[in-house]
Amino acid sequence: MEKLWSKLSSRVNEELNASTDITVTVRGTLSMLMQNINPEDQRPVLSLSHGDPGAFSCFRTSHTAEQAVVDALRSAKFNCYAPFVGILPARRAVADYMSRDLPYKLSPDDVYITSGCSQAMEVIVTVVASPGANILLPRPGYPNYEALCTFSHLAIRHYDLLPDNNWEVDLEAVKELADENTVAVLVVNPGSPCGNVFSYEHLKEIAETAKDLGILVVADEVYGHLTFGSNPFVPMGVFASIVPVITLGSISKRWAVTGWRLGWVVTCDPTGTLQQSKIAEYLKAYLNIVSDPVTFIQGALPDILEKTEADFFSKSISLLRETSEILCDGIQEIPCLACPTKPEGAVFIMVELDVSLLKGINDDMDFCIKLAKEESVIVLPGNKMHLSL
């Protein structure tokens, strides 16, 4: 039995441990923090740690979205396997939805339906992870990108977001980091976890920089249109005539239905560059071997995207604006905390922690663990910490 165990243990994929360490993934960190909750504390756990509006009753999705799912399920038209790129009505609906904000029209052939934005992230990382390649990721950023890149052997180079400049991209750093093996730069807008929303002018600068470097832009827009500050949401695809853009998105956040697992990868490519480079072909090849999103949710997607009432969106935005102001005002009253920039979008805020003002706290992780133990409050650590609005 010892020999058998030795043989089996030598054949497991050890990359899983490297890419899912608690310091890498949000879920791993949350699990560790939840284990530190005092079971004898009768107070409810206050979780300010995950971007899941669907977990809160105040963000219940629209009646239109719910009815669309009911109608799709009862129609019995969506009980079978879907094409691996997604059913045509769903792809057409996403193309039309995104085209509203673009200076050109997308085709259903530009759209690939995925199981949420998480799978969209997995798809694009896998597709661009050629031997020796590297990708430029923002810092601060969403840790799961690092985990996926580590698992796919895609080298990571971090560029900084500048807190004193509304978390804009440090474009000079991007230029210095990129080399002949750089395949893409990831741009998250609206930003998570910083809560920033890039201006039209800054997004254009990013596109021009990527063009000069000869790399494509991967635009994570899962929080698209969830903005409540001075900058409106501008999709990166607006600048696809300058540089090829691959957009990742979903209905998870804007419709508060994270559990429905419906997202997309969209090639914004009016010049045909992505077709010529065969990236679109590789997207199809990968989707052909992974699981598809639920078919009846795909069937409901046209009504969800086309018929949701404007009042639903305006109420969500108002609530996000109100909670962001409450949180920022509360932070200003705590001496050891500071907010470099008020959030203007998404559902997170970045908070600076001055451990020199705290007794018995070594770093941000120590702060988060003790906050969970002593106050049943969950926040996520980082070089800075971020709190959900």
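Each residue takes its place number in the sequence, starting with 1. Below, all heavy atoms of this structure are taken into account, side chains as well, without hydrogens, waters or symmetry copies.
To the nearest 0.5 Å, the span separating CH2 on Trp264 from CD on Glu221 amounts to 10.5 Å. Rounding to the nearest 0.5 Å gives a distance of 10.0 Å between CD1 of Ile87 and CZ of Arg92. Atom CZ of Arg139 and atom CD1 of Ile156 lie 11.0 Å apart (nearest 0.5 Å). Taken from CG in Leu154 to SG in Cys149, the straight-line distance is 4.5 Å, to the nearest 0.5 Å. Note that CG of Asn165 is 11.0 Å distant from CG of Asn196, once rounded to the nearest 0.5 Å. Note that SG of Cys268 is 11.5 Å distant from CG of Leu216, once rounded to the nearest 0.5 Å.
A donor-acceptor pair shorter than 3.5 Å can be found between the side chains of Ser230 and Glu344. Inspection of the Thr209 and Asp212 side chains reveals no N or O donor paired with an N or O acceptor under 3.5 Å. Side chain to side chain, Asp101 and His225 meet the donor-acceptor criterion of an N or O pair below 3.5 Å. Checking Ser252 against Trp260 by side-chain atom types alone, no donor-acceptor pair falls below 3.5 Å. Under 3.5 Å, the side chains of Glu146 and His158 contain a donor-acceptor pair of N or O atoms. Residues Ser62 and Thr64 have side chains that never bring a donor and an acceptor to within less than 3.5 angstrom of each other.
Looking only at side-chain heavy atoms (C-beta outward), Phe84 and Lys284 come within less than 4.5 Å of each other. Within the 4.5 Å cutoff, side-chain heavy atoms of Leu283 are placed close to those of Thr267. Here the side chains of Thr295 and Asn79 are not in contact, with every heavy-atom distance at 4.5 Å or above. Contact annotation: the side chain of Val266 never approaches that of Ile246 to less than 4.5 Å [non-hydrogen atoms, C-beta and beyond]. Within the 4.5 Å cutoff, no side-chain heavy atoms of Val234 are placed close to those of Phe198. Between Lys253 and Val347 the shortest side-chain heavy-atom distance does not fall below 4.5 Å. The shortest side-chain heavy-atom distance between Leu358 and Phe367 falls under the 4.5 Å cut-off. With a 4.5 Å cut-off on side-chain heavy atoms, Pro138 and Leu186 count as touching.
Here the side chain of Asp354 pairs a donor or acceptor atom with the backbone of Ser356 at under 3.5 angstrom. With hydrogens and angles disregarded, no donor-acceptor distance shorter than 3.5 Å links the side chain of Asn181 to the backbone of Asn134. Between the side chain of Asn362 and the main chain of Asp366, no donor-acceptor pair closer than 3.5 Å is present. Between the side chain of Ser192 and the backbone N or O of Val188, no donor-acceptor pair lies under 3.5 Å. Remark: side-chain polar atoms of Thr308 are not paired, donor with acceptor, to backbone N or O of Leu305 under 3.5 angstrom. Side-chain atoms of Thr341 come within 3.5 Å of backbone N or O of Pro163 as a donor-acceptor pair. Side-chain N or O atoms of Asp220 include one that pairs as donor or acceptor with a backbone N or O of Val222 at under 3.5 Å. Judged purely by atom type and a 3.5 angstrom limit, Asp363 uses its side chain to pair as donor or acceptor with the backbone of Met365.
For Phe59 and Trp255, the distance between ring centers is not under 6.0 angstrom.
Within 6.0 Å of the CZ atom in Arg60, the count of heavy atoms belonging to other residues, nucleotides or ligands does not exceed 12. More than 12 heavy atoms of other residues, nucleotides or ligands lie within 6.0 Å of CD in Glu205, so this atom counts as buried by the packing criterion.
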*For the pair Glu122 and Tyr286, evaluate side-chain hydrogen bond (donor to acceptor under 3.5 Å, both in side chains) and give the outcome as yes or no after the intermediate values.*
CA-CA 10 Å; Glu122 176 189 334; Tyr286 185 68; 2.5 Å; yes

*Kindly indicate, with the supporting measurements, whether the criterion ring-ring contact (aromatic ring centres under 6.0 Å, His included) is fulfilled by Tyr200 and Phe239.*
CA-CA 10 Å; Tyr200 179 99; Phe239 308 100; 4.9 Å; yes

*Apply side-chain hydrogen bond (donor to acceptor under 3.5 Å, both in side chains) to the pair Ser199 and Asn231, showing each step before the final yes or no.*
CA-CA 6 Å; Ser199 68; Asn231 286 332; 5.3 Å; no

*Go through the steps to decide whether Glu66 and Thr61 satisfy the test side-chain hydrogen bond (donor to acceptor under 3.5 Å, both in side chains), and finish with yes or no.*
CA-CA 7 Å; Glu66 294 175 341; Thr61 195; over 6 Å; no

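Tested against Ile215 for a side-chain contact (heavy atoms from CB on, under 4.5 Å), the candidates Leu213, Val218, Val217 yield a single pass: Leu213.
With salt bridges taken as basic N to acidic carboxylate O contacts below 4.0 Å, none links Arg100 and Asp96. A salt bridge between Lys373 and Asp41 is absent, with no side-chain N of the basic residue lying under 4.0 Å from a carboxylate O of the acidic one. Under a 4.0 Å N-O distance rule, the pair Glu375/Lys370 does not qualify as a salt bridge. Of the charged side-chain nitrogens involved, at least one lies within less than 4.0 Å of a carboxylate oxygen, so that Glu172 and Lys175 count as a salt-bridged pair. Between Glu325 and Lys342, no side-chain nitrogen of the basic residue sits less than 4.0 Å from a carboxylate oxygen of the acidic one, so the salt-bridge criterion is not met.
When all heavy atoms of Ile113 and Arg91 are compared, the closest pair comes out as CG1-CG, 3.8 Å.
In this structure, Arg254 forms no cation-pi arrangement with Tyr223, as its terminal cationic atom is not both closer than 6.0 Å to the ring centre and no more than 45° off the ring axis.
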